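Read the structure below first, then the notes.
In the text below, chain A, chain B and the rest are named by the order of the sequence lines, each starting its count at 1. Every value quoted in this text rests on a predicted model; they were computed, and no experiment measured them.
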Amino acid sequence: MAAIEFESVEKVYRGGVRVLSGIDLSIERGELVTIVGPSGCGKSTLLSLIAGFEQPTAGHVKIDGTVVDDQPPQARGLAMVFQSYALYPHLDVYENIAFPLRIGRTAKDEIDRRVRETAERLGLAPLLRRRPAELSGGQRQRVALARALVRKPSICLFDEPLSNLDAALRHEMRAEIKRLHEDLGATFVYVTHDQAEAMTLSDRIIVLNAGSIEQQGPPMDVYERPVTKFVAAFLGSPSIRFVRPGALGISAGSGVIVGLRPEDVAVESEASNGAVEAVVTVVEPVGSETWVTCAVGDETLVGRAPPRFAQKRGDRVSLRFDPARAHHFDEKTGRRL
Amino acid sequence: MVVFCLGPFLSLAFASLRPGGAPFGAPGEYSFDQYTAVFETRPFARVLLRSFVVASLTTVAAVALAASAAFVLAKMELRGRRALLALSLGVSMFPPIAIASPLFLVIRALGWRDTVQGLVVPYTTFALPLALWILTSFFREIPDDLYRAARIDGCSPFGAFRRVVLPVAAPGIATSAILVFIFAWNELLFALTFTSAPEARTVPAAIALFAAEHREPWGEIAAASTVATLPLVAITLLFQRRIVRGLTAGAIKG
């Protein structure tokens with residue numbers, strides 16, 4: 001049975017702003033689903049509807065097969081990790097983690113056992129008597145995780161939990177969340193605007209755009225076969241570039257636009273047969289490789305070059321790619337052809 | 001700056017210690033005679049107690065009412081909450097003198113003259129807007145996520161208010177409590193209008209009526225005023241310590 005279901009859910013705010021329309025969605029038990037999209041696409045609203053902070057204007061939300069439209073948040077038995085951590089500043093780490101158990105009237109020694117066990121799991125044992133204000137960002141995030149997981153929830157919601165952390169810590173916590181998911185077997189619904197997070201974490205990606213689901217599926221499937229230009233552009237870094245097929249010598253009908261991911265375009269300094277001539281405009285070495293932005297006629301493409309790439313702005317290069325790796329889209333509708 | 005603020009109070013304290021109540025003049029001749037006079041010849045102890053009861057009850061009533069209202073105004077979706085806040089401010093804009101007379105008729109009709117509730121109820125009405133504004137702004141500063149986290153963790157709206165919003169807003173509660181207490185302690189007009197028995201008076205009303213027909217007992221007025229100021233100072237200091245202790249309680253709890 002599905003853990004969470006949306007049945008043609010609409011959400012219109014007072015004043016008529018439509019944030020979600022026609023959302024049909026089913027999240028299986030034990031799945032780790034990420035909901036991605038640019039800001040304002042409705043992903044946080046989607047999470048609020050699951051949590052019960054907001055009610056759908058039309059349609060239904062179901063948890064474990066029961067319609068929960070009228071259930072307040074506290075009756076839904078979910079856990080949630082917030083972007084701002086939302087730790088209780090007047091309580092120490094121990095009491096923060098114990099909070100949901102105390103509200104749930106768990107027995108005292110059971111609370112103690114579970115708080116210590118959870119703190120141990122997240123490396124918080126030495127910090128139990130600290131106040132949130134005395135913790136670093138990463139530690140606070142761990143406390144927020146511990147508070148969410150101490151109740152052993154069957155569903156845990158994440159609202160951009162890592163976006164306030166620096167890059168190294170974000171990487172570490174991402175791995176941690178993935179490990180916790182595998183250990184606990186709970187359903188995780190994870191909202192993020194960071195496509196890398198979505199790619200690395202999830203069993204399934206749901207791409208949201210302007211209030212409706214653009215595409216969903218396993219990360220690599222979505223990455224390799226984006227159904228729209230929007231999805232293609234959203235996933236992958238550096239992002240895909242769209243060019244007119246004529247500029248690359250690809251034959252395609254009129255009204256077609258071709259997308260090529262940077263990693264599928266090899267930048268070579270010597271001209272060779274079958275390659276496309278281009279002029280370097282930007283060189284970005286990232287250590288393991290170099291991303292080279294090139295002008296092909298009026299079009300722009302980004303390609304990959306070896307780490308120590310000698311060419312500079314204005315130099316001539318040639319681009320090589322496998323035409324089979326090109327994504328074809330309808331120029332007007334943006335849909336995959 | 002300090003001199004400017006404390007000057008009047010210091011001259012008052014000096015006056016209270018000198019016969020006749022002249023703040024400046026020849027040195028010497030300081031005594032506590034006027035303090036004894038205030039307490040022995042007048043029912044000043046009763047008046048102090050009365051003032052304390054009235055001010056405390058007003059504070060509790062106003063802060064409790066304002067806190068629940070402010071929570072709803074700050075954290076719940078409510079149509080017309082701006083209008084409500086503006087309206088509450090409007091209430092506090094009435095010059096008290098303009099409504100003292102009609103209010104007197106109401107108090108008399110209720111038979112509340114010379115009673116504690118005869119002062120507490122009107123004081124609460126007037127203190128409410130102030131407390132409401134202070135607390136609404138304090139509650140607004142508490143992030144919505146904190147309230148939402150409490151809800152997710154199993155609290156009802158009221159539970160989240162009691163267990164999370166209220167403790168986090170403790171400094172705001174203390175601030176509004178002090179201000180309401182000071183307002184109720186110092187209020188003169190209603191106290192004069194709604195009381196007639198000497199025992200039912202609050203401190204400002206009692207002091208105002210010290211003056212006899214041909215004699216202004218400045219020394220005794222000064223002594224009584226000094227005594228009346230001390231509770232305010234004490235309460236402010238007490239609350240300050242409470243605030244600090246409240247914020248550090250968890251850090252040292254074993």
Please find the pair of heavy atoms, one from [X] and one from [Y], that lie closest to each other, and give the distance.
{"X": "A:Q74", "Y": "B:S156", "value": "NE2-CA, 3.4 Å"}
{"X": "B:I152", "Y": "A:P73", "value": "N-CB, 4.5 Å"}
{"X": "B:D145", "Y": "A:S84", "value": "OD2-OG, 2.8 Å"}

Residue [X] versus chain B: region with a heavy atom under 4.5 Å:
{"X": "A:A79", "value": "backbone"}
{"X": "A:L101", "value": "neither"}
{"X": "A:R76", "value": "neither"}
{"X": "A:R14", "value": "side chain"}

Non-hydrogen side-chain atoms of A:L91 and B:R163 separated by less than 4.5 Å: no
So does B:A169 get a backbone contact from the side chain of A:H90, meaning a donor-acceptor N/O pair under 3.5 Å? no
Just by modelled atom types, is the B:A150 backbone N or O under 3.5 Å from a matching donor or acceptor in the A:Y88 side chain?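 Yes.
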To the nearest 0.5 Å, what is the distance between CZ (A:F53) and CG (B:D144)?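 With rounding to 0.5 Å, CZ (A:F53) is 10.0 Å from CG (B:D144).
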How long is the span from the CG atom in A:N96 to the CG atom in B:D153, to the nearest 0.5 Å? 9.0 Å
Is atom [atom1] of [X] surrounded by more than 12 heavy atoms (other residues, nucleotides or ligands) closer than 6.0 Å?
{"X": "B:R46", "atom1": "CZ", "answer": "no"}
{"X": "B:L230", "atom1": "CG", "answer": "yes"}
{"X": "A:E117", "atom1": "CD", "answer": "yes"}

